[in-house]
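Below you'll find the structure, written out as structure tokens, and then a few comments.
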Amino acid sequence: MLTNVDSLVDRLRDGMRIAVPVDYAGVAMAFTRPMIARGLRDLDLVCVPTGGLQVDQLIGAGCVRSVETSAVSLGEAGGAPRFNAAVKEGRIRVIDATCPAVHAGLIAAQKGSPFFPMRGLIGTDVLRNRPDWKVIDNPFADQGDPVVLIPAIKPDVAIFHAPMADRAGNVWIGRRRELAPMAYAATDTYVTVDRIVDDNLLADETTAAGVLPALYVSGIAHVPQGAWPYGLWGVYPADTDALKRYAAAARTQEGFDAYMAATETRKEVRA
Amino acid sequence: MLTNVDSLVDRLRDGMRIAVPVDYAGVAMAFTRPMIARGLRDLDLVCVPTGGLQVDQLIGAGCVRSVETSAVSLGEAGGAPRFNAAVKEGRIRVIDATCPAVHAGLIAAQKGSPFFPMRGLIGTDVLRNRPDWKVIDNPFADQGDPVVLIPAIKPDVAIFHAPMADRAGNVWIGRRRELAPMAYAATDTYVTVDRIVDDNLLADETTAAGVLPALYVSGIAHVPQGAWPYGLWGVYPADTDALKRYAAAARTQEGFDAYMAATETRKEVRA
Amino acid sequence: MMSDAPALPSETLITAIAALLADVRHVAVGASSPMPAAGAMLRQALDEQTRHVRLSILGSVAHNFFTNGSGELFDCAGQGRIDAFFLGGGQIDGQANVNLVGAGDYPQSKVRWPGSFGSAYLYFVVPRVILFREEHSPRVMVEQVDFISAPGVSPPDVYRPGGPVALLTGKALFSFDKTRPGFTLVSVHPGETLETIRDATGFDFDHPDVVPQTPAPDAATLALLRGPVLDKLQETYPAFAENWRRDLAAQTQHC
Amino acid sequence: MMSDAPALPSETLITAIAALLADVRHVAVGASSPMPAAGAMLRQALDEQTRHVRLSILGSVAHNFFTNGSGELFDCAGQGRIDAFFLGGGQIDGQANVNLVGAGDYPQSKVRWPGSFGSAYLYFVVPRVILFREEHSPRVMVEQVDFISAPGVSPPDVYRPGGPVALLTGKALFSFDKTRPGFTLVSVHPGETLETIRDATGFDFDHPDVVPQTPAPDAATLALLRGPVLDKLQETYPAFAENWRRDLAAQTQHC
């Protein structure tokens, strides 16, 4: 169960559908450069429910075929430059969603249900561009009552970063519970963690309450500060300066390439 | 927010739909006798997803009109005598469900969705006796693929017992997370707790992970051992002897009446 | 010493359960199911050197790997993460329909049982459902159940990755063929014959010309059962483990 | 000393927001929305003696009352537990349609914005959605959005307990009438007139014969703003609070 990032990246394949979390929920940034180095292609990313730096870098490096997302941005550091450019140039397929629809698709998969009904959406261009969503009349209403059905989202892989895991493979996700449906819905889940603890996290009811059980976890790598330059809730803040440096550099493809070729990987921290 | 059981029971009304948890998830037994003393009638109970002693006692005392449940029993102490008798004599309406259907109805309410689709059920007499459930053809399938839709369950009130709450009204539910959908789905949630803590449970990420926020809680009463004779997970075990004493006494209505008139309320503990 | 005593009937049953669990990755058992739990623990012990068999016992603290409340078992099954589950029944019929609700007309059943629990879902989605009921009598093994909590088979258009594979009772082991559909007698437990099984069973079933006896555990298996399995079971089912030890002691004296 | 300085434009906006939040029980604001957060905090301060106004700020630790991940806000809104929410938009049109996706043809937008976030849901279910965008120009306030992230109004058969009630910009405040549907100019901020608003707005709107000015905060409100509200805001939006203090200091010197 406990291994290193490279051996987890070895298990990824071209064309896989990969779920990644929102910027404040524990992004496994430590996966990004190894994924790029491996030359992965045609990835279908699912942002839960929005994407940021990791998505932008994978797009900039040409690894991505499509992105299903409610938004992609660098937050305070502005728009996501490689995402925006790729959309404008038609180099990736963007599948626009809305946050609760992504959650709905994952919950459907979590429950083993084929779809989940969702209010809202009627009359939006989001819905108009989603032929994979269906509108039916609510069978419980006396008269016409259109409701949108979101099909189950079943990623091949979910990848995220968490504060800690134990040696049995239990991962502490705390109140970032959207990480659990991601893992329930995915076939395999790979996690980087800031630290490994010796005690079993399920043995104590207080810590157990925040645990994603090993049952759903296929591999864990110990990567201190593995979310950097993003923060880890309750542990360390985002490195906004680093995000801004990236945003400035990645305005052009050349700038992005130069940035990625440079040394900003915090290898010294991960070593 | 912090008050006593009697003032919470004062807020209950005849005909309310009340959700209660499974025997091992924190049953607010301390509510039972005050509810009976108040003479509540025509209650519609929703067991999440099964019922036990509390349901049996409320039925025996004539408070209940219907029970929606996947099962009612006293576990190791055997069948639920007043429930079984009332069903046989047609004195209550039993709405037979299956565990995941109860969860599905609560999740639909949690999500603000009108229904939740669920696999299984086709060809069962459970489904045949649920005109409130609908079968549709899965619109995502190429050919006929029947799937059952469970309508949202929106109780007026959810009632349960938990290990602790803080003074702001946050309740620690730990990994008994089915209590959260109960509260999300209900208009009001009343909770008894073993202890009140001074620190805000949301202030620490470790305890926050197991918290039902005050946002969903309408009232809390401090009742040490308020689940008795049921246990409280991770805190104290069930008092199986007391359950067996009840089971033996309640075989007849007279026995039940005599038992309830007697002193087995642990008033000394609750005082 | 204990290991020298011949197999108890319950030990033969537990061994049969472990055999039915060959190759599973994750077994779930109900809260008050000591025998299936013991079978799963024996499976774990038998496979210890080669792989990890996951066992989730509802209501147990030591064997509870869930953190999302009582709904997680069903979610987990729906995700295809549970390979085997056990189901009982107040009535079981020849089509493998199970009834957990009551005998007689519904809803005012003559005899009311607790209810369907999760059977109306799990029976559909868990690939290897083992019907387990010790009482083997015409009252339980009926021609047709009075209420279908969960059906043995479904029409081809119904989503059904799961279903029954076997029926194990205190008298015999049957396999289930969903294409026919119906049960086939696989073996009878010591002391039983095709005739005693016929008498005890309210439904028709297939059988081989010569019906074998359910194999008793070999010495190595008995050692596992009376050692690590019994010790492990003690945590979650102390009363059952105590009875087991008592029966072993009684048998040893008797020999 | 600070309290003596006349109201800053941002303080007038914040006060207008607080007025729009009269009687709400629970307001949610987005992660990078300091002005709406300040308005909600002012509402809390104004009502402190009489009732508790709940404020959830996404991404804030101190103002995060959620424990079920990033989906809980939407669940909470779907349950009817959120009374007011703020929505911006790269484009907003006269039907109160909002566009958070991009300008030009979709999907290869000329200008791509981040995306619709939760707007395609929250706009339908939160009873009091306040459109807030400081930039008030024909580029933002358009006749028709290029992409409808969320529509201002819905046909009668569509489930829609929520929707827009007002549009607040750096120049003016509008109310929204869903029956017409369209905006009505309520007031213009200091320095603006009906004509300057017309020039800056790409869509038609109703207006009273005499357009009042958006009221500046009174002395008591200013004291709350520059005292408890500013202090509280510091925790979650330190940069915004710093700028505010700097502007106040500059204005005091100027006076």
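So that the names make sense, note that chain A is the first sequence line, chain B the second, and so on, each numbered from 1.
Considering all non-hydrogen atoms of both residues, B/Ala208 and A/Arg175 come closest at CB-NE, 3.7 Å. Across all their heavy atoms, B/Trp172 and A/Thr206 have their closest contact at CZ2-CA, 3.7 Å. When all heavy atoms of B/Ser113 and A/Pro117 are compared, the closest pair comes out as OG-O, 2.7 Å.
With respect to chain B, the highest number of heavy-atom pairs below 4.5 Å among A/Pro100, A/Gly210, A/Pro114, A/Gly112 belongs to A/Pro114. Each of B/Ala141, B/Gly174, B/Pro139, B/Ala104 has some count of heavy-atom pairs under 4.5 Å with chain A, and the biggest count is that of B/Pro139. Of the listed residues (A/His103, A/Met118, A/Arg119), the one with the most heavy-atom contacts under 4.5 Å to chain B is A/Arg119.
Note: B/Phe140 CZ to A/Lys134 NZ = 6.5 Å, rounded to the nearest 0.5 Å. To the nearest 0.5 angstrom, A/Ile136 atom CD1 is 4.0 Å from B/Ile136 atom CD1.
Interface remark: B/Asp145 contributes no atoms to any contact with chain A (heavy atom separation under 4.5 Å). In this structure, the portions of B/Leu149 lying under 4.5 Å from any heavy atom of chain A include both its backbone and its side chain. Residue B/Arg177 touches chain A through its side chain alone, counting heavy-atom pairs closer than 4.5 Å. Contacts between B/Lys111 and chain A at a heavy-atom distance below 4.5 Å involve the side chain alone, from C-beta outward.
No more than 12 heavy atoms of other residues, nucleotides or ligands shown are found within 6.0 angstrom of CG on B/Asp199.
The aromatic rings of B/Phe116 and A/Phe116 sit perpendicular, their planes meeting at an angle over 60°, well past the 30° parallel limit.
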